[in-house]
Amino acid sequence: MNRPDRALGPWLVSPWRRGVVAVLAGALPMLAFPAPSWWWFAYVALVPWMLLARSAPTGRRAAYDGWLGGFGFLLAVHHWLLPSLHVFLVVIAALLGALWAPWGWLVRRFLAGVPSPGRVGAALLVLPSGWLMVELVRSWQGLGGPWGLLGSSQWQVEPALRLASVGGVWLLSFLVVAVNVAAAVLISVRESRMPAVAGLVATAAATSAAWAWSPRPEVDGRVRIAVVQPGVVDGSISGDKRFAREETLTRQLVGKGADLVVWGESSVGFDLADRPDLARRIATLSHEVGADILVNVDARRSDRPGIYKSSVLVGPHGPTGDRYDKMRLVPFGEYVPARSLLGWATSVGKAAGEDRRRGSEQVVMNVGHGLRVGPMICFETAFPDMSRHLAQDGADVLVAQSSTSTFQHTWAPEQHASLAALRAAETGRSMVHATLTGVSAVYGPDGGRIGSWLGTDTSSAVVYEVPVARGITPYVRFGDWPVHGALLVLAALCVTEGSRAFRLRRTAPGPLGPPARTPRESPARPGR
């Protein structure tokens with residue numbers, strides 16, 4: 001039998017050429033995310049990567065294929081960070097890409113050669129579970145957070161959003177990888193096509209059952225929430241100019257019956273306790289519009305040391321006392337991890353010169369009109385657990401204040417806005433995503449878009465009719481159960497592999513006994 005790597009052609013025998021192919025194959029899933037948003041491509045995007053790993057001559061080479069593919073994936077999905085982090089993004093992608101090395105090994109372990117029906121069935125569970133573990137580990141905030149989870153590519157697919165209400169973005173990632181596994185087997189191994197088709201049918205049946213069973217959000221009212229997006233403001237006094245533009249746009253909302261007005265992240269560049277004049281101006285706006293205004297303060301606080309990013313609610317009489325300090329900060333953008341070791345990043349890219357301080361707890365704010373909102377700030381919308389906890393704490397509507405102005409002409413604004421659709425569907429709560437410079441968007445409790453996006457070329461104030469839903473989705477109730485299931489699958493795999501290795505050692509033939517001596521041989525000197 002030919003070696004699998006040679007079956008793909010002599011070109012891939014070279015480790016360097018194979019490495020280049022692995023990087024390119026790992027980068028392919030980027031096309032499933034905004035801006036291209038080829039959501040359907042996610043279901044086959046991993047196939048070239050899997051075919052490469054299954055053809056590896058050794059398990060070690062398959063692990064390298066996984067590592068290099070992970071490097072390509074991270075670099076492609078985060079390519080818009082290159083102007084800010086420069087070479088440091090390559091270093092981060094190379095380090096985190098190693099998380100996919102065990103996954104590459106697993107691909108070869110279950111799909112190499114002609115896999116039996118049992119191996120194909122196991123692969124449909126093990127490989128998606130391995131992928132989920134990679135996503136889980138890299139979702140830790142200190143490693144960059146859950147940006148570019150494979151399941152989030154399905155943000156505009158209605159059936160997928162229904163499934164997100166059952167198992168969150170984790171369930172979507174699991175199903176997308178499972179379909180890729182079946183597709184890889186169908187393409188590469190004719191003898192194993194029947195179990196692959198059976199796996200696809202079982203996956204479709206399970207997803208259809210979950211889709212039919214999952215409860216729909218029960219809408220029992222609507223509120224009018226206004227988003228103020230000032231657009232790009234340049235110049236040395238951009239903070240003052242932005243505030244003035246936000247004032248002008250907010251006054252356009254007078255008489256439009258808004259129940260809440262939301263400004264974007266860093267919409268106020270001064271602590272309101274230090275600038276009572278600004279607090280009075282916002283309070284005046286609140287009185288004129290007839291609604292509280294949720295602003296976002298990015299400034300050094302006067303009541304404690306350090307710089308905070310904070311959602312602050314301001315009513316007709318000034319700040320109401322409701323305040324949320326951002327808890328999960330952007331690595332390098334808002335703080336430098338292990339600054340004593342990695343502080344040099346500030347001289348390479350646009351890393352934070354001073355670390356922001358963290359808040360200690362999430363907050364649900366009562367904004368009047370019987371409306372309770374759960375604020376999140378920018379990067380935090382990538383974390384499913386944060387919106388889930390806000391829904392558990394009684395938030396009627398989720399509100400995100402964001403700014404991607406640094407990445408204005410990249411894929412980042414669209415990618416960020418798409419995350420709100422997943423968070424809305426997971427929790428059964430409408431979500432308002434308000435930014436400084438676009439893209440701003442609003443989604444209903446089923447994850448469907450309400451109205452149109454405010455793009456990166458827009459400066460406007462728009463009122464949205466936002467549905468208010470009650471009830472608890474299975475994801476809010478049961479949490480990250482797909483992750484827990486994946487952990488059980490991998491634990492069972494470890495036990496099975498350990499037992500198999502133990503049995504092989506037990507049944508292996510023992511060492512041969514000492515050779516028999518002939519009459520001519522000497523016990524001290526065999527053969528003499």
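Computed from a predicted model, the values in this text were never measured in an experiment. In this chain, numbering begins with 1 at the start of the sequence shown.
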Report the residues that fulfil side-chain contact (heavy atoms from CB on, under 4.5 Å) with Q392, sequence neighbours left out, ordered by chain and then residue number. R388, H389, V476
Keeping the roles fixed (side chain from S286, backbone from A291), state whether a donor-acceptor pair exists under 3.5 Å. yes
Return yes when atom CH2 of W103 has more than 12 non-hydrogen atoms of other residues, nucleotides or ligands closer than 6.0 Å, and no otherwise. yes
Would you mind reporting whether R449 and W155 have side-chain heavy atoms less than 4.5 Å apart? yes
Counterpart residues, side-chain hydrogen bond (donor to acceptor under 3.5 Å, both in side chains), relative to N180 (two or more places apart): none
In terms of heavy-atom contacts, L260 and V373 come closest through CD2-CG1, 4.0 Å
Over all atoms of both residues, closest heavy-atom pair of G168 and Y475: N-CD1, 3.5 Å
Would the distance check show the side chain of E380 and the main-chain N or O of M386 forming a donor-acceptor pair, the cut-off being under 3.5 Å? no
Who passes ring pair (Phe, Tyr, Trp, His ring centres under 6.0 Å) against H79, sequence neighbours left out? W411
If I take atom CH2 from residue W100 and atom CH2 from residue W131, how far apart are they, to the nearest 0.5 angstrom? 5.5 Å
Which residues pass the ring pair (Phe, Tyr, Trp, His ring centres under 6.0 Å) test with F383, not counting sequence neighbours? F379
Pair up each side-chain donor or acceptor in residues 38-50 with any protein partner under 3.5 Å, not counting sequence neighbours, and list the distances.
{"from": "Y43", "atom 1": "OH", "to": "Q154", "atom 2": "OE1", "distance (Å)": "2.9"}
{"from": "W49", "atom 1": "NE1", "to": "D65", "atom 2": "O", "distance (Å)": "3.2"}

Under the side-chain hydrogen bond (donor to acceptor under 3.5 Å, both in side chains) test, which residues partner R245, sequence neighbours left out? none
Which residues pass the salt bridge (Lys or Arg N to Asp or Glu O under 4.0 Å) test with D298, sequence neighbours left out? R356
Can you list the steps and then say if V261 with W263 is a side-chain contact (heavy atoms from CB on, under 4.5 Å)? CA-CA 7 Å; V261 179; W263 291 8; 3.9 Å; yes
Under the rule for side-chain hydrogen bond (donor to acceptor under 3.5 Å, both in side chains), what residues qualify as partners of T435, not counting sequence neighbours? Q229, S440
Kindly indicate whether the side chain of L175, heavy atoms from C-beta on, has any atom under 4.5 Å from the side chain of T207. yes
If only atom types and distance count, is the side chain of Q401 paired as donor or acceptor with the main-chain N or O of C378 below 3.5 Å? no
Throw together a table of side-chain donor-acceptor distances under 3.5 angstrom for residues 451-463, partners on residues two or more places apart or in other chains.
{"from": "W453", "atom 1": "NE1", "to": "Y443", "atom 2": "OH", "distance (Å)": "3.1"}
{"from": "S459", "atom 1": "OG", "to": "P230", "atom 2": "O", "distance (Å)": "2.7"}

Other residues, nucleotides, ligands: >12 heavy atoms within 6.0 Å of E288 CD: yes
Going by the salt bridge (Lys or Arg N to Asp or Glu O under 4.0 Å) test, which pairs reach into residues 205-230, not counting sequence neighbours? D220-R470, R224-E465
Verify, without hydrogens or angle tests, whether D396 (side chain) and R372 (backbone) share a donor-acceptor contact under 3.5 angstrom. yes
Begin from the C-alpha positions of V432 and V227 and carry the test side-chain contact (heavy atoms from CB on, under 4.5 Å) through to its verdict. CA-CA 8 Å; V432 177; V227 172; 3.6 Å; yes
For R423, give me all partners under salt bridge (Lys or Arg N to Asp or Glu O under 4.0 Å), at least two apart in sequence or on another chain. E426
Flag side-chain contact, heavy atom, 4.5 Å: P146 against R138: no
To check you understand the geometry: which heavy-atom pair defines the closest contact between I282 and V268, and what is its length? CD1-CG2, 4.2 Å
Starting from the C-alpha separation in whole Å, work towards a yes-or-no answer on side-chain contact (heavy atoms from CB on, under 4.5 Å) for V399 and M376. CA-CA 6 Å; V399 176; M376 292 177 285; over 6 Å; no
Could you go through S267 and N296, starting from their C-alpha distance and side-chain angles, then the distance that decides it, and tell me whether this counts as side-chain hydrogen bond (donor to acceptor under 3.5 Å, both in side chains)? CA-CA 5 Å; S267 48; N296 190 271; 5.7 Å; no
Check whether any side-chain N or O of E414 sits under 3.5 Å from a backbone N or O of V439 as a donor-acceptor pair, and report yes or no. no
Result of checking L124, L150, L132, L172 against V177 for side chain to side chain contact (heavy atoms under 4.5 Å, CB included): L150
Can you find a pair of side-chain heavy atoms, one from L200 and one from L186, that are under 4.5 Å apart? yes
For the side chain of T381 and the backbone of I377, is there at least one donor-acceptor N/O pair under 3.5 Å apart? no
Counting C-beta onward and ignoring hydrogens, is there a side-chain heavy-atom pair between D259 and V367 closer than 4.5 Å? no
Note: A391 and T427 closest approach over all heavy atoms is CB-CB, 4.0 Å
Less than 4.5 Å apart, any side-chain heavy atom of S84 and any of F407? yes
Hey, is the main chain of G148 close enough, under 3.5 Å, to the side chain of S152 for a donor-acceptor pair? no
Between L294 and P375, the two heavy atoms sitting closest are CD2-CB, 4.4 Å
Shortest non-hydrogen pair, V77 vs F33, comes out as CG2-CE1, 4.3 Å
Among pairs that include at least one residue of residues 415-440, which meet ring pair (Phe, Tyr, Trp, His ring centres under 6.0 Å), considering only residues two or more places apart or in two chains? W147-H416, H416-H433
4.5 Å side-chain heavy-atom contact, L253 and V228: yes
Taking the six-membered ring for Trp and the full ring for Phe, Tyr or His, determine whether the centres of W170 and W481 are under 6.0 Å apart. no
Please report the interatomic distance OG(S165) to CG(L161), rounded to the nearest 0.5 Å. 9.0 Å
